[in-house]
2 protein chains.
Amino acid sequence: MEEKEISQAVISRLPRYFRYLSELKYAGIERVSSQELSDIMKVTASQIRQDFNNFGGFGQQGYGYNVEFLHNEIGKILGLDRTHHLIIIGAGNLGQALANYVNFERRGFLFRGLFDNNPDLHGKKIRGIEVQPMESMEMFVKDNDIDIAVLTIPKTEAVTVAEQLVNYGIKGIWNFAHVDLNVPENIQVENVHLSDSLMKLSYNISRFELDNTK
Amino acid sequence: MEEKEISQAVISRLPRYFRYLSELKYAGIERVSSQELSDIMKVTASQIRQDFNNFGGFGQQGYGYNVEFLHNEIGKILGLDRTHHLIIIGAGNLGQALANYVNFERRGFLFRGLFDNNPDLHGKKIRGIEVQPMESMEMFVKDNDIDIAVLTIPKTEAVTVAEQLVNYGIKGIWNFAHVDLNVPENIQVENVHLSDSLMKLSYNISRFELDNTK
DNA sequence: TAGATTGTTAATCGATTAACAATC
DNA sequence: TAGATTGTTAATCGATTAACAATC
């Protein structure tokens with residue numbers, strides 16, 4: 001069967017659909033039309049239908065979409081029906097914060113290991129998991145079926161550590177280091193560049209003020 | 001003078017240009033052509049020229065772009081030539097991690113206050129700044145010329161706190177809460193939805209494996 | 001059956017890329 | 001002046017929106 005490639009623009013919207021559907025489901029709402037979703041989510045009904053139809057028909061003419069079914073299907077598309085094992089590289093403030101983030105577990109992202117170069121941190125426990133030296137990483141990844149690595153280390157180290165992780169068999173990298181990683185295309189990278197995000201905010205604040213002085 | 005609206009697609013690319021130009025500048029490189037930038041950044045030279053020309057001509061035919069000048073101009077566009085005063089609402093792990101993030105200061109984002117509902121945290125100091133109760137927020141924002149609020153509180157509180165902050169005169173919100181805020185359009189919101197990002201990574205990992213079993 | 005709403009095709013809009021004249 | 005490379009217009013590509021036939 002020929003699968004058409006789904007654009008990243010569509011993918012980016014899926015988690016937001018998923019979130020709103022969770023809420024509707026939680027509120028006990030059984031069905032929803034693209035028009036109703038459009039009203040609460042502030043996107044066009046047309047886009048909603050197009051997006052869903054990338055993955056096959058989830059709705060029914062004259063009825064709309066069953067909330068629970070749709071929620072479940074989008075979850076499956078996002079791979080939330082499976083379990084991911086993740087390690088965090090870099091036990092600084094951000095690494096520890098993410099390690100403590102219990103909500104990820106709920107969606108199947110299981111925090112399994114935490115690594116850092118700093119010997120002072122070794123043995124320190126976060127949510128029951130000890131910080132280990134970087135040297136233990138290879139063995140740990142291989143022994144524990146780790147598929148996602150979270151990089152919260154300085155950019156100077158990030159590129160080489162990423163390459164190592166790829167060699168150890170990792171499948172995806174959640175990259176918080178402020179640098180572009182260079183990995184084979186079979187490895188998925190999702191960047192969270194916080195300072196980029198802050199700069200965008202800064203731009204929009206400045207631009208808005210400029211617009212208003214005209 | 002008529003200013004054409006710049007698309008957010010262009011804005012999103014500016015911080016990355018800025019980053020690469022910082023590196024070139026730091027490496028002592030004086031000039032760069034759109035083609036050279038294209039090679040290292042893996043975007044088309046055409047896009048680079050189009051992007052820059054949204055803001056007027058920064059280059060010179062036959063020569064290319066002066067790295068330092070271009071770096072500086074993009075910094076100005078991003079509003080990095082001014083100072084922002086920010087407060088963080090929510091002194092949990094993530095809030096503390098961001099408060100400790102010294103790099104933002106370098107770009108003119110000055111961390112000024114930290115607020116939390118939890119009395120156990122009140123008085124605790126992060127980088128010399130005491131956690132204050134939420135009740136002190138209003139006065140503090142007004143007295144200290146705060147223009148950016150960072151929301152690292154649970155989504156249940158985020159919407160109302162955002163509304164309060166808007167009333168206190170904040171200009172921009174950096175929102176880490178997993179909810180869409182509802183603020184007037186003169187208030188800039190930049191969302192960092194970590195779990196959305198993780199879901200995208202999850203999708204891409206799943207999708208890649210699916211593609212390979214075909 | 002009549003009404004509602006999807007799935008899907010067609011039209012539009014916007015963003016990216018290509019091409020080249022302008023000019024340093 | 002000749003060569004290089006921008007700035008900018010035109011062409012293409014892709015994503016969004018509109019429209020409506022299919023169908024529950």
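Labels below follow one simple rule: chain letters A, B, ... track the order of the sequence lines, proteins then strands, and each chain is numbered from 1.
For His178(B), the side-chain hydrogen bond (donor to acceptor under 3.5 Å, both in side chains) partners two or more places apart in sequence, or in a different chain, are Arg19(A), Ser195(B), Asp196(B).
Within 4.0 Å (heavy atoms only), Phe52(A) reaches no atom of the nucleic acid at all.
A donor-acceptor pair shorter than 3.5 Å can be found between the side chains of Asp147(A) and His84(A). Side-chain contact check for Glu138(B) and Asn167(B): no donor-acceptor pair (N or O, by modelled atom type) lies under 3.5 Å. Under 3.5 Å, the side chains of Asp51(B) and Tyr17(B) contain a donor-acceptor pair of N or O atoms. Gln60(A) and Asn66(A) share no side-chain donor-acceptor pair at under 3.5 Å.
In this structure, CG of Asn66(A) is placed 15 Å from P of dT5(C), rounded to the nearest angstrom. Separating the CD1 atom of Ile48(B) from the P atom of dT5(D) is a distance of 13 Å, rounded to the nearest angstrom. Here dT6(C) presents its C1' atom at 17 Å from CZ of Phe55(A), a figure rounded to the nearest Å. Here dT5(C) presents its P atom at 12 Å from CG of Asp39(A), a figure rounded to the nearest Å. Atom CZ in Phe58(A) sits about 16 Å away from atom C1' in dT8(C), given to the nearest Å. We find that CG of Leu37(A) is positioned 13 Å from P of dT5(C), with the value rounded to whole Å. The nearest whole Å value for the distance from the CD atom in Gln35(B) to the P atom in dT6(D) is 9 Å.
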Please write out the pairs of protein N or O atoms and N or O atoms of nucleotides 22-24 of chain C separated by less than 3.5 Å, giving the distance to one decimal.
{"residue": "dT23(C)", "atom": "O4'", "partner": "Gln61(B)", "partner atom": "NE2", "Å": "3.4"}
{"residue": "dC24(C)", "atom": "O3'", "partner": "Gln60(B)", "partner atom": "NE2", "Å": "3.0"}
{"residue": "dC24(C)", "atom": "O2", "partner": "Gln61(B)", "partner atom": "O", "Å": "3.3"}

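Between Phe55(A) and Phe58(A), the ring planes lie parallel to each other; the angle is under 30°, not in the 30° to 60° tilted range.
Sorted by first then second residue, the salt bridge (Lys or Arg N to Asp or Glu O under 4.0 Å) pairs that include residues 36-45 of chain A, not counting sequence neighbours, number zero. Legend: salt bridge (Lys or Arg N to Asp or Glu O under 4.0 Å) pairs involving residues 167-176 of chain A, not counting sequence neighbours, sorted by first then second residue: Lys171(A)-Glu209(B).
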Check: Taking protein heavy atoms under 4.0 Å as touching, what does nucleotides 13-18 of chain D look like 5' to 3' if B marks base contact, S marks sugar-phosphate-only contact and - marks none?
Finding: --SSBB
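You'll find the ring centres of Tyr65(B) and Phe52(B) inside the 6.0 Å limit.
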Notebook entry, point to check: Based on Watson-Crick and G-U pairs with both distances under 3.5 Å, what dot-bracket line describes DNA chain C 5' to 3', crossing pairs as [ ] and inter-strand pairs as |?
Noted result: ..||||||||||||||||||||||
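Atom CD of Glu23(B) is surrounded by more than 12 heavy atoms from other residues, nucleotides or ligands within 6.0 Å. Counting heavy-atom neighbours within 6.0 Å of Glu68(B) CD, excluding the residue itself, gives a total of 12 or less.
Side chain of Tyr65(A), nearest nucleotide from dG7(D), dT5(D), dT6(C): dT6(C).
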